[in-house]
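Atoms within a ligand are numbered from 1 in the order they appear, just like the ligands themselves.
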Amino acid sequence: MCVNSDSQEVHPELEIKFKYLLYLTAAPVVNRYNRRVSVSAEPFNPDEEEEGTEKRVVHPKTDEQRCRLQEACKDILLFKNLDQEQLFQVLDAMFEKKVKPQEHVIDQGDDGDNFYVIEQGRYDIVVAKDNVSCCVGHYDDRGSFGELALMYNTPRAATIVATTEGALWGLDRGTFRRIILKNNAKKRKTYESFIESVPLLKFLEASERMKIVDVIGEKVYQDGECILSQGNRADCFYIVESGEVRILMKSKTMTGKANQEVEITRYGRGQYFGELALVTNKPRAASAYAVGEVKCLVMDVQTFERLLWTCMDIMKRDITHYEEQLVAIFGSSMDLKDSGN
Ligand code: CMP
Ligand code: CMP
């Protein structure tokens, strides 16, 4: 829900439009404290890094803390392309931070000090523009935030507010830039031409495609492995980098019981899946399985909403196509857009 500076509620339809506008007009905001001069999205040059960032940071941890940290970090996409030594250095440098309800972990406009991984808690993402603050999304017990200001030397692009008690793991700016950004320079070389060839992304500006490359992670699946399951909560979007993915669906019988899974389609290099649940805010409509070894580029829901708004029309057109496909396979129509609530 959007609220203006006098705390009046804004109609939900306006909220959606506002979210869309925010994406389109996501200009850097003015830095309240003026501590760092650069506000443009500067490209990263690993050979010209800030002085003093070569120092290795270590926050000693108990075995119990390390276990919790590893669990919290296991699905963090920005860590997926690190080698083992880089990952050890990142984990060594991370420190624990407990937060209270209503605490601002990050304030829009501030300089970026840390990147955060969520161990626990719920956090609202609030973006202010023209004196109107709008909650554009939230994190629920998982995920990470605070990478943008560190990657592009821009002021914080949103305010992150804890709405419950929470536990976070922080990573300092120096270590983030030394390890994650150096790795991103490699990632750009690896994925730049592939991302350019993905039909869904061809209408984006080259700089927007680069931003996608900077935040996606690669995941590898073995033959037969389930990538996502029908009915599950959705938090990621997938682009097939190599291999083949089968999409299977269980329809419901007249008595409401689930039938056997039926294959409805297959996807190969450059195609995407897992967008439907993110667009409709519903559980996964089908399951996806790897055929042979499969590599996917994976994006979290917050990044999907922030960077792929302009592709929404294409994805919405797919929904009509999916519904027609289901009529052809199951003989009855299913309303995939219906929220089901
Ligand atoms: P940063 O700008 O460093 O600090 C605020 C963080 O909020 C930002 O990095 C992202 O990690 C996160 N975020 C999530 N969704 C959005 C959004 N729609 N706009 C801006 N920041 C967002
Ligand atoms: P999602 O519902 O998030 O997860 C399952 C994915 O299967 C879905 O997104 C689509 O990307 C993909 N899919 C392919 N064909 C269909 C279809 N006919 N109906 C629903 N989902 C489909």
### Query
Sub-3.5 Å donor-acceptor pair from the side chain of Lys61 to the main-chain atoms of Leu91, do we have one?
yes
### Message
Counting the benzene-type ring for Trp, do Tyr238 and Phe273 have ring centres under 6.0 Å apart?
### Response
yes
### Message
Check for me whether Tyr267 has a heavy atom closer than 4.0 Å to any atom of ligand 2.
### Response
yes
### Query
Would Phe237 and Tyr272 count as a close aromatic pair, with their ring centres under 6.0 Å?
yes
### Message
Strictly below 4.0 Å, N to O, side chains only: are Arg266 and Glu244 in salt-bridge contact?
### Response
yes
### Query
Could a heavy atom of Gly274 be found less than 4.0 Å from some atom of ligand 2?
yes
### Query
Would Arg66 and Asp92 pass as an ion pair if we require N to O under 4.0 Å?
yes
### Message
Tell me whether Ala286 reaches ligand 2 (any heavy atom closer than 4.0 angstrom to a ligand atom).
### Response
yes
## Note on the structure
Between Ile247 and the options Ile227, Leu228, Val262, Thr265, the side-chain contact (heavy atoms from CB on, under 4.5 Å) test singles out Thr265
### Query
Hey, is Gly137 one of the residues with a heavy atom under 4.0 angstrom from ligand 1?
no
### Closest to atom 13 (N) of ligand 1 among Tyr139, Phe304, Tyr152 (heavy-atom distance)
Tyr139
### Query
Is the shortest N/O to N/O distance between Ala149 and ligand 1 below 3.5 Å?
yes
### Test salt bridge (Lys or Arg N to Asp or Glu O under 4.0 Å) applied to Glu192 and Lys189, step by step
CA-CA 6 Å; Glu192 191 175 353; Lys189 282 190 196 130; over 6 Å; no
### Task
Determine, considering heavy atoms only, which of Gln230, Lys282, Arg284, Arg266 sits nearest to atom 3 (O) of ligand 2.
Arg284
### Message
Heavy-atom pairs closer than 4.0 Å: do any link ligand 1 to the side chain of Val136, the backbone, both, or neither?
### Response
side chain
### Message
As a check for students: among Ser144, Gly143, Ala158, identify the option with a heavy atom nearest to atom 5 (C) of ligand 1.
### Response
Ala158
### Task
State whether the side chain of Asn184 and the backbone N or O of Asp214 hold a donor-acceptor pair below 3.5 Å, judged by distance alone.
yes
### Query
Which heavy atom of the protein is the closest neighbour of atom 7 (O) of ligand 1, given with residue, atom name and distance?
Ile160 CD1, 3.5 Å
## Note on the structure
At under 4.0 Å between heavy atoms, what of Gln108 touches ligand 1? The answer is neither
### Task
Could you list the atoms of ligand 2 found under 4.0 angstrom from a heavy atom of Leu326?
18 (N), 19 (N)
